[in-house]
Amino acid sequence: MLLQIFLLFLVGTLCYAQQSEQPTLCLTFDDGSVDNMPGYSSEQWNKMLLERLHEAKVQAIFFVKGKAVDNEKGRMVLQTWDEAGHLIANHTYSHWFFNSKNLTLHDFIVDVLKNDSLIKGYSHYTKLFRFPYLKEGNTTEKRDGFRRFLKEQNYRNGYVTIDASDWYVNSRLLNKLKADSTADITPYRDYYLQHIYDRALYYNDLAKKLT
């Protein structure tokens, strides 16, 4: 149970937004994976995540990196998330770094459309887009050109408002479990939950100062 509770907070990125008078918490998952985890097959891992979300009565958004799930196992992952009612959104096909001087606006758009064709058949497909590494382009031309593209395609930016650092904590945890599958993960869980709490307070205070 401890591992399952931790999974719910580890892999997702938490987005905090103020709507009306009540805060709204949005749980999102980026990329997707069909790799086995320490002590678990990819199928078991996926099932655990979906079960914990169901138990918590949480509907999440899955920002899909196409190349990670463009295979039989990946389609299974997408289908199970779709059937569970979670939104399926776009995170590009190749997860390229848009701020790279070697990447053109045209090539980035083609990659996004490739991913769109992969996910648009699912019933909970939604036109939300999240930039890989949250980078929106290293030039004004790329930034503004892609914003026009999103508007023309009726896509919305799936931004984040909390720096969750989940990818870093996750990598440290996986290395620990690979070395010892029975390791106590409580310190990782406690650190991550405190980090999320601290980040939420920081950005909430910052928003108040800016308004």
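Since this is a predicted model, take the numbers as computed values, not measurements.
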List the atom pairs, donor and acceptor, that lie under 3.5 Å between side-chain atoms in residues 85-93 and the rest of the protein, sequence neighbours left out.
from  : atom 1 : to     : atom 2 : distance (Å)
His86 : ND1    : Ala60  : N      : 3.0
Asn90 : OD1    : Thr92  : N      : 2.8
Asn90 : OD1    : Asn115 : ND2    : 2.9
Asn90 : ND2    : Val112 : O      : 3.2
Asn90 : ND2    : Tyr155 : OH     : 3.2
His91 : ND1    : Arg130 : O      : 2.8
His91 : NE2    : Asp31  : OD1    : 3.3
His91 : NE2    : His95  : NE2    : 3.2
Thr92 : OG1    : His95  : N      : 2.9
Tyr93 : OH     : Asp70  : OD2    : 2.7

* **For Tyr133, the rest of its hydrophobic cluster, which grows through side-chain links under 4.5 angstrom** =>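 Besides Tyr133, the hydrophobic cluster comprises Phe97, listed by chain and residue number.
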
* Structure fact -> Using a 4.5 Å side-chain heavy-atom cut-off and chaining through intermediate ILVMFWY residues, the residues clustered with Tyr197 come out as Leu201

All salt bridge (Lys or Arg N to Asp or Glu O under 4.0 Å) counterparts of [X], not counting sequence neighbours:
X: Arg147; answer: Glu136
X: Glu141; answer: none
X: Lys127; answer: none
X: Lys176; answer: none

Side chain proximity check, [X] to [Y], heavy atoms < 4.5 angstrom:
X: Leu49; Y: Phe29; value: yes
X: Leu193; Y: Arg189; value: yes
X: Arg199; Y: Ile196; value: no
X: Met37; Y: Gln44; value: no

* Asked: Considering residues at least two apart in sequence or located in another chain, which fulfil the side-chain contact (heavy atoms from CB on, under 4.5 Å) criterion with Pro38?
  -> Leu174, Leu177, Lys178

* Asked: Residues two or more places apart in sequence or in another chain: which of them pass side-chain contact (heavy atoms from CB on, under 4.5 Å) with Asp198?
  ->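 If we apply the side-chain contact (heavy atoms from CB on, under 4.5 Å) test to Asp198, skipping adjacent residues, the hits are Gln194.
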
* Determine, for Arg52 against Glu55, whether the closest basic-nitrogen to carboxylate-oxygen distance falls under 4.0 angstrom. =>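 Yes.
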
* Lys47/Glu51 salt bridge by N-O under 4.0 Å criterion -> yes

* **Counterpart residues, side-chain hydrogen bond (donor to acceptor under 3.5 Å, both in side chains), relative to Asp180 (two or more places apart)** => Thr182

* To do: Under the side-chain hydrogen bond (donor to acceptor under 3.5 Å, both in side chains) rule, collect the residues that match up with Asp82, sequence neighbours excluded.
  => Ser123, His124

* **Counterpart residues, ring pair (Phe, Tyr, Trp, His ring centres under 6.0 Å), relative to Phe98 (two or more places apart)** =>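 With neighbours one apart ignored, the set is Phe108, Phe146.
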
* Asked: Between Tyr122 and Val64, is there a shared hydrophobic cluster once you connect ILVMFWY residues whose side-chain heavy atoms come closer than 4.5 Å?
  ->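 Yes, it is one cluster - the side chains of Tyr122 and Val64 are joined through contacts under 4.5 Å.
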
* Test side chain to side chain donor-acceptor pair (under 3.5 Å) applied to Asn46 and Thr80, step by step -> CA-CA 9 Å; Asn46 185 61; Thr80 56; 3.0 Å; yes

* Asked: Would you say the side-chain atoms of Tyr192 and Asn170 include a donor-acceptor pair closer than 3.5 Å?
  -> no

